[in-house]
Amino acid sequence: MDLLSEAKRCLKCKKARCQINCPISTPIPDIITLFQEGKNSDAGELLFENNPLSSICALVCPHESQCLGNCIRGIKSEPIPFYQMEAVISSDYLKSLKIQKPEPNGKRIAIIGSGPAGITVALKLATKGYKITIFEMNEQIGGALKYAIPNFRLPAELLNNLEKMLTDLGVFIRTNTMVGPIITLDKLLSDGYDAVFIGTGVWNPRPLNIKGESLGHALYAIDYLKAPHTYNLTGRVCVIGAGDVAMDAARCAKRYGADEVEIVYRRKEEEMPATKHEIKGAKDDGIIFNLNKMPIEITDDGLIVQSTHYIEEADGTQSLETIAGSDQLLEYDYVIIAVSQIPKSNIVSHTTGLQVKYGLIVTDKCGNTTREGVFASGDVVSGAKTVVKAVNGAKIVADSIDEYCMG
């Protein structure tokens with residue numbers, strides 16, 4: 001695709017619907033203008049200042065419901081593929097960016113978790129002279145970017161560029177370090193950290209609560225995606241669920257040895273929560289979709305399901321119900337469960353004064369938790385959301401931490 005020709009089709013709307021519907025309000029018309037003029041470095045700087053993870057969001061955002069899906073050009077013709085321009089501009093900018101380590105301001109911040117929120121807070125505060133230490137429970141940084149999104153969707157190079165930027169800014173990264181049981185919040189604060197940020201994401205799988213989930217050939221997608229190459233999933237594989245995580249798990253299974261992979265979902269295709277782009281990718285990879293099937297039990301031979309249908313209610317709405325007597329055994333060698341995630345309790349179970357609701361940390365709109373000096377944002381506060389929403393929330397919290405420490 002000739003991106004320069006696409007840029008020329010942009011109408012540069014004064015009230016740009018693409019920008020309005022971007023969770024982080026990317027100045028899309030301005031970026032496209034700079035791109036047209038060949039000022040890619042200026043465009044990259046503008047993107048990075050607005051969104052430090054722009055190069056990543058360009059690849060993993062649900063564009064069809066944000067910039068792409070709200071482009072005015074898309075009403076009568078093809079929408080402008082801004083995200084493709086963003087990917088090129090941001091990636092090139094990160095490669096050439098020479099970042100200067102600022103003078104230290106005497107303040108020290110602990111960041112727990114190195115996912116999108118943690119990386120954003122670290123970058124924002126490190127450029128202001130804060131001494132930052134990131135605590136990451138895994139062996140590499142990135143959180144969901146590294147351990148939940150496959151490499152074929154998100155090249156490792158982009159994360160490597162961000163990690164180098166962090167270390168160039170003097171950020172310490174302690175990997176394979178879990179905060180909670182041994183290194184507690186109390187310990188961090190007593191060791192001289194002026195504030196603590198929690199951005200640990202959601203890493204516990206949400207169970208189906210059906211019989212058979214503990215059998216040897218059943219596993220959870222959030223665990224599988226951490227290292228799909230270490231599993232030996234052969235034969236027929238079933239993935240229960242139809243979100244983006246389910247699509248990623250299904251496509252990974254197909255790439256790493258499964259002969260046939262089938263998505264099992266209780267509703268119809270138009271109600272699948274995955275983006276159309278991810279669904280198309282799964283279909284292109286040969287993934288089979290078995291819809292209107294409710295999982296009832298995992299057995300040694302596969303998955304027992306019941307067929308579902310919709311019942312018209314008196315108020316005109318439709319409700320989903322299973323069809324009595326429609327039980328059916330679908331034969332699979334492995335079953336992957338992909339029906340969302342919830343936070344781990346490593347931190348909250350080893351500290352006091354931190355309010356939690358439904359497993360999520362309670363904060364105000366600025367990221368303040370119920371414990372002074374402790375801030376949080378991202379999925380550990382909101383539940384599983386998109387990368388760009390995590391980055392946007394983290395920008396707000398970074399400013400809150402700065403005001404708290406300097407106030």
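All values below were derived from every heavy atom in this structure, side-chain atoms included, with hydrogens, water molecules and symmetry-related copies excluded.
- Distance alone, capped at 3.5 Å, places no donor-acceptor pair between the Thr308 side chain and the Thr322 backbone.
- Atom CG of residue Leu53 and atom SG of residue Cys61 lie 10.0 Å apart, to the nearest 0.5 angstrom.
- Looking at Lys8 and Asp2, no side-chain N of the basic residue comes within less than 4.0 Å of a carboxylate O on the acidic one, giving no salt bridge.
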Derivation and outcome, salt bridge (Lys or Arg N to Asp or Glu O under 4.0 Å), residues Glu269 and Lys283
CA-CA 12 Å; Glu269 180 167 342; Lys283 289 181 176 179; 2.7 Å; yes
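- Interatomic distance, Asn368 CG to Ile401 CD1, rounded to the nearest 0.5 Å: 9.0 Å.
- Listed for the Asn392 side chain is a donor-acceptor partner under 3.5 Å among the backbone atoms of Pro23.
- The line from CD1 of Ile99 to CG of Leu123 is 7.0 Å long, rounded to the nearest 0.5 Å.
- Remark: Leu125 CG to Asp399 CG distance equals 8.5 Å, nearest 0.5 Å.
- Under a 3.5 Å cut-off, the side chain of Arg9 and the backbone N or O of Glu78 do form a donor-acceptor pair.
- A donor and an acceptor atom, one from each side chain of Thr317 and Asp315, are located under 3.5 Å apart.
- Counting all heavy atoms, side chain and backbone alike, Ser377 lies closest to Val397 at CB-CG2, 3.6 Å.
- In this structure, the side chain of Ser91 does not engage the main chain of Val88 through any donor-acceptor pair within 3.5 Å.
- A pairwise comparison of heavy atoms in Glu136 and Gln140 identifies CG-O, 3.5 Å as the closest pair.
- Residue Ile287 comes nearest to Ala250 through the heavy atom pair CD1-O, 3.6 Å, listed as atom of the first residue, atom of the second, then distance.
- Screening Arg251, Lys254, Lys280 for a side-chain hydrogen bond (donor to acceptor under 3.5 Å, both in side chains) involving Asp285 leaves a single residue, Arg251.
- In this structure, Thr120 contributes its side chain and Val391 its backbone to no donor-acceptor pair below 3.5 Å.
- Expressed to the nearest 0.5 Å, how far CZ of Arg73 lies from CD1 of Ile75 amounts to 11.0 Å.
- Sorted by first and then second residue, the pairs that involve residues 217-236 and meet side chain to side chain donor-acceptor pair (under 3.5 Å), not counting sequence neighbours, are Glu213-Tyr220, Arg236-Glu260, Arg236-Glu262.
- In the model, Glu86 has a side-chain atom that pairs as donor or acceptor with a side-chain atom of Ser54 under 3.5 Å.
- Results of the side-chain contact (heavy atoms from CB on, under 4.5 Å) test with Ile141 over Val171, Leu162, Leu166 single out Leu166 as the only residue that passes.
- In this structure, Ala258 and Val237 approach most closely via the heavy-atom pair CB-CG2, 3.6 Å.
- Under a 3.5 Å cut-off, the side chain of Asp402 and the backbone N or O of Ala398 do not form any donor-acceptor pair.
- Judged purely by atom type and a 3.5 angstrom limit, Ser90 has no side-chain atom pairing as donor or acceptor with the backbone of Ala87.
- For Met165 against Phe48, the heavy-atom pair with the smallest separation is SD-CZ, 3.4 Å.
- If you take CD1 on Ile112 and CD1 on Ile198, they are separated by 5.0 Å, rounding to the nearest 0.5 Å.
- In summary, the side chains of Gln355 and Thr370 do not present any donor paired with an acceptor at a separation below 3.5 Å, with no hydrogens or angles considered.
- Judged by distance alone, the side chain of Lys395 and the main-chain N or O of Asn50 form a donor-acceptor pair under 3.5 Å.
- Tested against Ile32, the residues Ile80, Leu11, Leu3 include a single side-chain contact (heavy atoms from CB on, under 4.5 Å) partner, Ile80.
- Neither side chain, Asp194 nor Tyr130, offers a donor N or O lying under 3.5 Å from an acceptor on the other.
- Looking only at distances, no side-chain donor or acceptor of Thr275 sits under 3.5 Å from a matching main-chain atom of Pro62.
- Under a 3.5 Å cut-off, the side chain of Thr177 and the backbone N or O of Thr175 do form a donor-acceptor pair.
- Shortest non-hydrogen contact noted between Leu329 and Ile304 is CD1-CG1, 4.0 Å.
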